[in-house]
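Notes to accompany the following structure.
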Amino acid sequence: MNLLNIRKKSWSQLCLDACAPELEEKLGPAVPSSSVLGPISSYHVQRYGFNSECKVIAFTGDNPASLAGMRLEEGDIAVSLGTSDTLFLWIKEPTPALEGHIFCNPVNSQEYMALLCFKNGSLMREKVRDESASGSWDEFSIALRSTEIGNCGNLGFYFDVMEITPETTGRHRFNADNQKVSNFPKEMEIRALIEGQFMAKRIHAEKLGYRIVPRTKILATGGASHNRDILQVLSDVFNAPVYTIETANSACLGCAYRAIHGVAIGENISFTDVVKLAPEPRLAAVPTAGAAQVSTSGGKGEREGMEPFPDSFCNQSYLSILCVKPSKSQACISEIMSPVLRRL
């Protein structure tokens, strides 16, 4: 894994030499995912009855295949809200980092995809639901609807188990004055959790080179995607519409799409054309009016490297939390939090 020079689209000789002698000869050349490798072997024709004219399309991994199965396009995000949360991103100009993964794009050989995993997903949401909403998703949703966008400057990060992105643990709550606090009121706790989870995802996505474009859409899957109030927060944080999709076995489906594309690409048929008859995702949420406004006026408290919070954070942008100053535009959430976490 990770032996490929993603810029040159060829094996990295330095990595090959570190692994084993003559490894390049054993691996063979790397080719685009849409390449036809040749006809199926006679063994499969005789043993399983394959058509002798059946073509074999280049292999890919399960995660790139899932991107194909979910039919992401440039600027799109797929968010799987499960036991762990996972982001799939279509990006043009990657900036690889120690956290997250960058792959060649399986449906466009000139572009890239990124993968981010977050361990504290639905289990963390369920814990806070049990603690602050009497174990009821209905009460949990009411709390999200009854609190303001931005939580009036109150921010929380919740890692009951060792997080993958970033590698840290604990529950960390900060009020609008950037003071560490031990707890929030129940409704505020619920919004702090959901906003904090999605803000972390956006910060890490942007660190890997992801940029929101006007046509960006978010495709949500997994158990939490059935909660429209959680999806509303996701839409507000990313300032993009959220759609839900049914993607059981998305990796297998993506491989089927890629096989069709591999056969059709010789006729100059794009991947978008291949999947154009597939079921469309369903719109679930659009950004709340005012969620994308950024205030540059002074306010109560500043987090290091970030724009200050305005006195009235309500109806202001999450970007006053997310956007760092230009000199630190590549800072990730762990770097932003580290001065505070060292004081814990």
Side-chain angles (χ1 to χ4, degrees), residues 1-15 30-35 58 60-61 63-80 85-118 164-166 198-219 234 237-242 254 258 261 265 270-272 287 292 294 305-307 317-319 321-336:
M1 184 177 180
N2 298 333
L3 299 180
L4 190 73
N5 183 319
I6 61 173
R7 308 284 188 185
K8 297 180 178 179
K9 309 295 192 297
S10 61
W11 303 118
S12 165
Q13 192 60 51
L14 182 65
C15 294
V31 297
S33 296
S34 56
S35 301
T60 191
N63 290 310
S66 289
L67 179 140
M70 290 184 279
R71 295 176 288 134
L72 264 65
E73 299 176 344
E74 181 186 342
D76 286 351
I77 313 169
V79 182
S80 176
D85 291 346
T86 306
L87 263 66
F88 297 90
L89 312 164
W90 180 306
I91 54 180
K92 291 180 69 70
E93 297 294 336
T95 54
L98 293 178
E99 294 170 336
H101 307 275
I102 302 288
F103 303 93
C104 293
N105 192 303
V107 300
N108 185 323
S109 62
Q110 301 306 309
E111 299 189 3
Y112 303 87
M113 68 164 285
L115 175 69
L116 286 163
C117 296
F118 301 84
I164 300 169
T165 314
F198 292 146
M199 286 189 288
K201 291 171 176 53
R202 177 166 174 175
I203 288 174
H204 282 291
E206 291 183 342
K207 186 180 183 238
L208 290 177
Y210 174 76
R211 295 294 178 266
I212 293 173
V213 297
R215 61 179 177 276
T216 289
K217 61 182 180 292
I218 302 171
L219 306 175
L234 174 61
V237 167
F238 279 86
N239 190 35
V242 175
R258 288 184 51 260
H261 184 221
I265 198 169
S270 68
F271 184 80
T272 300
V294 179
M306 299 181 179
E307 296 297 338
S317 171
Y318 289 107
L319 300 184
I321 297 176
L322 292 169
C323 287
V324 295
K325 289 184 171 65
S327 61
K328 298 184 178 181
S329 60
Q330 296 301 316
C332 70
I333 195 169
S334 57
E335 293 167 337
I336 293 169

### Query
Could you state the interatomic distance from NZ (Lys207) to OG1 (Thr95), rounded to the nearest 0.5 Å?
7.5 Å

### Query
Looking only at heavy atoms, what is the nearest atom pair of Pro94 and Ile102, with distance?
CB-CG2, 3.8 Å

### Message
With heavy-atom distances below 4.5 Å as the criterion, would you say the side chains of Leu115 and Phe88 are in contact?
### Response
yes

### Lys217 bridged to Glu73 by N-O distance under 4.0 Å
yes

### Task
Locate the shortest heavy-atom distance separating Pro106 from Met113; write the atom from each residue and the value.
CD-SD, 4.1 Å

### Task
For residues Asp85 and Val79, determine if any side-chain heavy atom of one lies less than 4.5 Å from a side-chain heavy atom of the other.
no

#### Entry: Arg71 side chain to Phe271 backbone, donor-acceptor under 3.5 Å
no

### Query
Side chains of Ile164 and Phe118: does their closest heavy-atom pair fall under 4.5 Å?
no

### Query
Is a side-chain N or O of Ser12 found less than 3.5 angstrom from the main chain of Leu3, in a donor-acceptor match?
no

### Message
Taking Val107's backbone N and O only, do any of them form a donor-acceptor pair with Ser33's side chain (distance below 3.5 Å, no angle check)?
### Response
no

### Query
Does Gly75 offer a backbone N or O that forms a donor-acceptor pair with the side chain of Tyr210 under 3.5 Å?
yes

### Task
Run through Gln13, Arg7, Lys8 and flag the one making a side-chain contact (heavy atoms from CB on, under 4.5 Å) with Ser10.
Lys8

### Message
What's the separation between atom CG in Leu67 and atom OH in Tyr112, rounded to the nearest 0.5 Å?
### Response
15.0 Å

### Task
For the pair Arg258 (side chain) and Ala68 (backbone), establish whether a donor and an acceptor sit closer than 3.5 Å, ignoring hydrogens and angles.
no

### Query
How long is the span from the CD atom in Glu99 to the CG atom in Leu208, to the nearest 0.5 Å?
8.5 Å

